[in-house]
Structure formats: structure tokens, C-alpha cells
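One structure is given below, encoded as C-alpha cells.
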Amino acid sequence: MNRTVKVFALMLCMILLLGFGAVPTSANSVPKFWSGSTGMGAIIADEDCPIVVENELLTFDIHEFPERDYEQTQDFLEYSAFVTAQYTFYNPADYTIIATLVFPFGKLPSYGNGYSFWDSKLGMYVNVNDTDKYDITINGNVIEKTLRHTLMPTGASFELEEDLGRLCDGYIDDPFFRSDMPVTKYTYSISGIDDEYDAANAAFDLAKFDGKTKLLFMELRGTHVQKNKSCRISAWVKNGSNLTLYAIGEPLNGDPQWKFYENGGVKDKEEIEGSATLVSTEEMTFEEFVLKAYVEESDILASDWYNAMVMDLNRNESKYGVVSRSDSGFDLSHSLMRWYEYEITLAPGERLVNAVTAPMYPSIDGYWDPNVYDYTYLLSPAQKWSEFGSLEIVINTPFFVTESSLGDFEKTDSGYRLVRDGLPSGELKFSLCSVENPKKDSNWSSILFLIIFIGSPIIIIVGVIFLIVFGIVCLIRGIKSKKRI
């Protein structure tokens with residue numbers, strides 16, 4: 001290896017180390033961010049309702065911040081921050097209005113284990129109902145409410161029309177999935193993998209289905225389109241492990257032609273020895289299939305769970321008719337948006353006061369010292385009302401408002417207050433902190449991580465350009481040296 005090549009290789013290694021090798025570390029590392037939930041206003045579920053909102057009093061009672069982690073269910077249930085939306089409704093029509101209202105108030109928060117608890121009798125996790133302590137009232141009298149749930153995948157934001165359309169009475173009418181359609185479960189046992197490889201990839205090739213069957217592969221880890229347009233479906237396996245396939249619709253026409261590849265590989269030249277033996281076949285209905293993880297004792301309606309599963313299966317389906325499942329399997333409890341559903345009746349010319357109370361969970365921003373707690377209340381759903389009068393926002397809290405999307409709040413003896421005529425544009429977002437002026441966390445490891453995360457691509461690009469220029473210069477010098485010889 002000549003000197004030029006050695007220098008070139010050394011510089012390439014330095015660039016790669018600068019671009020990829022620097023890993024930020026910090027002592028006693030903890031997560032910096034915990035997601036919360038969003039509270040929202042009541043929405044009319046019936047179209048073209050003439051009810052008028054003369055005014056709304058929005059009261060936040062926040063006298064404590066949530067913990068970063070809850071080990072005991074009861075501790076989580078004792079968390080007491082909540083929001084109350086009080087509406088003054090008026091019926092200008094000359095007929096009685098009976099309206100079904102829904103009030104979306106967000107998912108359970110991700111911090112702690114408060115969203116569920118282990119029920120030793122049932123042998124599974126059961127959802128926690130933190131809404132029992134809150135009521136919906138009409139003119140001060142408690143009325144009946146139904147807790148509803150719709151699918152909201154992790155990371156998704158609330159979209160009024162889309163999410164409202166997910167609320168269905170009874171089972172959803174889907175173009176493919178039906179409650180009585182057959183589902184066949186196939187379980188395969190893995191053996192015959194050479195001990196040299198320890199583990200392998202099991203895969204089979206699948207042509208696009210004819211629309212009569214959808215395939216759910218529980219252990220699915222990859223799909224790879226082949227030159228013949230088939231799809232190679234793979235999963236990581238070891239001797240003694242099992243693979244599970246569900247054929248939704250018509251059963252499989254013969255067993256899949258399983259092949260095995262070196263761990264991480266799916267190419268023909270990487271094929272190795274291995275065997276997948278069918279050990280059991282089980283038949284069930286689609287309804288039984290989607291309700292596998294449903295707990296009847298929970299606060300979730302079976303129809304809401306069914307509909308959320310159907311929407312999730314459609315969302316995760318590939319063009320080859322293969323559906324992937326996350327590690328949570330059939331458990332959607334962490335991906336459900338919560339709603340109140342209730343009914344009001346207004347005679348011609350009648351006014352009534354409707355108050356809805358729901359738990360309020362913030363997101364915790366650990367990039368501040370001390371932590372800052374971010375709250376979001378979506379005002380946009382109120383656009384569904386015929387008319388909207390004034391809005392008064394009250395925040396009862398001993399803490400400090402450090403930021404607000406609607407401008408400055410007036411400081412009061414009990415907290416803060418803001419009054420607006422009409423419905424403001426945008427949503428209500430505000431932040432609270434135990435001190436008036438929190439400071440940005442000066443954790444140098446976090447800063448270093450941001451520098452590396454942002455700077456790495458730049459370092460690599462500049463390095464590649466430098467290497468190209470360096471190579472050209474070396475090549476020119478080499479040509480000149482040969483000419484002199």
C-alpha cells in the first residue's frame with residue numbers, strides 16, 4: 001500500500017469516527033420527555049344542529065404536577081388535576097332538540113404504569129378508569145355518560161373530522177372484514193438450524209393475494225420484494241421457537257414453502273438448512289380473533305375495541321395482503337383516544353348550563369430546570385357549533401404560567417384568567433412551572449448529542465468533498481511524476 005493510499009484510508013477512518021462514532025453519555029441517565037394527553041371541547045355529533053353556545057367557562061384546576069413514574073395504581077388514581085368546560089346552551093329553534101354530544105379528552109398518559117394494573121385473578125393487565133371521580137351535569141344535576149374509545153396510533157395528532165368519523169355505534173361496516181368471517185391460526189415449530197448459526201431468518205415467498213385472504217404474521221420482521229414481484233416475508237428464529245400465521249378469510253392453499261437464511265439475510269445465496277413443521281391449526285371467527293386481548297371487565301365497549309382493531313389492521317396492511325402487528329400483539333389499550341358521550345334536551349327557547357369535567361395530563365419537558373409542564377386544550381372542535389359567544393379561561397394553580405398560545409393571562413389571587421369574545425383561532429396551549437423563570441438544562445451531554453446529531457451529516461459531506469479533492473490532487477501529482485520519469 002503506497003503512502004497516498006495509507007493517508008487516504010487514515011483520513012476516511014477519522015471522518016467516519018467523527019461522523020458516527022461519538023456517542024453522548026450522561027451519568028444517571030433518565031428519559032427527558034413524557035407524553036401527556038389533550039383535553040378538548042364538546043362536539044355536536046348530529047349534523048346541522050341549531051344549538052348556540054352563548055358562553056363557555058373553561059376552568060383548569062391544577063394544584064399538583066404528575067410524577068415521572070407511578071408504581072402503584074392507587075397513587076396514579078389520586079392525581080387530581082382536571083379541567084371543567086361549562087357551556088351555556090340556547091335553543092333558538094321552535095322545536096325541542098335532543099342532541100348527542102361527544103367530548104374527546106385524550107389518551108391516558110405514558111408516564112408511569114398508571115394506565116393499567118395487573119389483575120392476578122384475570123391473569124392480565126386491565127385498564128384503569130380514572131374518570132369515575134368526574135361527572136357531567138345539566139343545571140347542576142349529574143347525568144349519565146358513556147366512555148367511548150377510538151383508535152389513535154402513537155404519534156398521531158387529533159384531527160376533528162377524521163377522529164369524529166371513527167366513533168361508530170355497533171360494529172363498523174368494513175369492505176373486507178366481517179365479524180363472522182373465518183380466521184385460521186397456523187403454528188409452526190422451528191428446528192434443524194445448524195448450531196454454527198445459532199439463529200436464522202425464516203421466510204417464504206408470497207404472491208399478491210386475490211382479495212379473499214389477508215395474512216397476519218405475528219413475528220414479521222421484514223418484507224422484501226423479489227424480481228418476480230413476489231414478496232419474501234421473513235422473521236428471526238431459533239431452534240425450538242414458534243411462528244404464528246393467521247389467514248383472515250379463506251384458509252391457506254397448502255403450507256408456505258419455508259426457507260431459511262443466515263441470520264439477517266434473505267438472499268438466495270444466503271440460504272441454509274432449517275425446518276418449519278406445522279404443529280397446530282385453530283379456527284375461529286374474525287370477531288373472536290380481534291377480541292383476543294379484550295377484557296370484558298374493562299371500561300371499553302366491545303364494539304369500540306372491535307372497530308379500533310379493524311382500523312388498525314387496515315392501517316398496517318401492505319399491498320400483498322400482509323398485516324404486521326407490533327410487539328403489543330392484539331393489545332390496543334395504549335392507542336385509544338377517550339371520549340365522553342352524553343345526551344342533552346332543550347325545549348324551544350330554553351337555556352341550560354352543561355358542565356363536563358375530565359382529567360388533565362400534561363407533557364413533562366425535562367429540558368428545563370426545574371421541569372416545565374405543557375398543557376393542550378383544543379378549541380377547534382367548538383367550530384362545530386352553530387354560534388359561539390364568549391370564552392373565559394381560568395387557571396386555578398399555585399404555579400407560574402411560563403408560556404401561552406393566547407397571549408398574556410391576567411394574574412389573580414387563585415391563578416390566572418383570560419377572557420375573549422368569540423372563539424380564538426388556534427388551540428389553547430400553556431406551560432406551568434414551579435418557578436417563574438425556569439432555566440434551560442445545561443446538561444452538556446444533551447448539548448453534545450444535539451451537536452453531533454445535527455453536525456454529523458455536515459461533517460460527512462465536507463469530509464467526502466475533501467477526499468474527492470484530495471484524490472484528484474493526488475492523481476494529478478501522480479500523472480505529473482510519471483511524465484517527469
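In what follows, every heavy atom counts, from backbone to side chain, and hydrogens, waters and symmetry copies are set aside.
With sequence neighbours excluded, no residue satisfies salt bridge (Lys or Arg N to Asp or Glu O under 4.0 Å) with D408. With sequence neighbours excluded, the residues satisfying ring-ring contact (aromatic ring centres under 6.0 Å, His included) with Y340 are F105. Scanning for side chain to side chain contact (heavy atoms under 4.5 Å, CB included) contacts around E54 gives V52, T88, Y90, R351, with sequence neighbours left out. Taking the salt bridge (Lys or Arg N to Asp or Glu O under 4.0 Å) definition, one finds that E219 meets it with nothing, sequence neighbours left out. Residues forming a side-chain hydrogen bond (donor to acceptor under 3.5 Å, both in side chains) with E392 (at least two apart in sequence, or on another chain): R417. For R178, the side-chain hydrogen bond (donor to acceptor under 3.5 Å, both in side chains) test picks out D180, with sequence neighbours left out. Scored by the salt bridge (Lys or Arg N to Asp or Glu O under 4.0 Å) test, D61 finds no partners at all (sequence neighbours excluded). When the side-chain hydrogen bond (donor to acceptor under 3.5 Å, both in side chains) test is applied to T244, no partner is found at least two apart in sequence or on another chain. For D135, there are no salt bridge (Lys or Arg N to Asp or Glu O under 4.0 Å) partners at least two apart in sequence or on another chain.
Distance check: S80 OG to I62 CD1 gives 10.0 Å after rounding to the nearest 0.5 Å. Interatomic distance, CG of L291 versus CE of M309, reported as 8.5 Å (0.5 Å rounding). From R420, atom CZ reaches atom CD of E56 across 14.0 Å, with rounding to the nearest 0.5 Å.
Smallest separation of non-hydrogen atoms from M152 and R166: CA-NH1, 4.4 Å.
For the pair K292 and F330, the cation-pi test (distance below 6.0 Å, angle within 45°) is passed.
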Next on the checklist: One pair to check against side chain to side chain contact (heavy atoms under 4.5 Å, CB included): E282 and V183. What are the steps and the verdict?
Outcome noted: CA-CA 8 Å; E282 180 184 352; V183 176; over 6 Å; no
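When the shell of 6.0 Å around CD of E410 is examined, it contains more than 12 heavy atoms from other residues, nucleotides or ligands.
Under the 4.5 Å side-chain criterion, counting only non-hydrogen atoms from C-beta, P348 is in contact with T96.
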Could you list the donor-acceptor pairs under 3.5 angstrom formed between side-chain atoms of residues 421-437 and any protein atom two or more places apart in sequence or on another chain?
| from | atom 1 | to | atom 2 | distance (Å) |
| --- | --- | --- | --- | --- |
| E427 | OE1 | L379 | N | 2.6 |
| E427 | OE1 | S380 | N | 3.0 |
| E427 | OE2 | S380 | OG | 2.8 |
| S431 | OG | D374 | OD1 | 2.6 |

Which pairs would a plain distance check flag for residues 167-174, meaning a side-chain donor or acceptor within less than 3.5 Å of a matching protein atom at least two apart in sequence or in another chain?
| from | atom 1 | to | atom 2 | distance (Å) |
| --- | --- | --- | --- | --- |
| Y171 | OH | E287 | OE2 | 2.6 |
| D174 | OD1 | N314 | ND2 | 2.9 |
| D174 | OD2 | F176 | N | 2.9 |
| D174 | OD2 | F177 | N | 2.8 |

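The list of ring pair (Phe, Tyr, Trp, His ring centres under 6.0 Å) pairs with a residue in residues 386-425, not counting sequence neighbours, reads F65-F399.
Ring planes of Y377 and F60: perpendicular class, angle over 60° (limits at 30 and 60°).
Taking the six-membered ring wherever Trp is involved, the centroid distance between the rings of Y134 and F82 falls below 6.0 Å.
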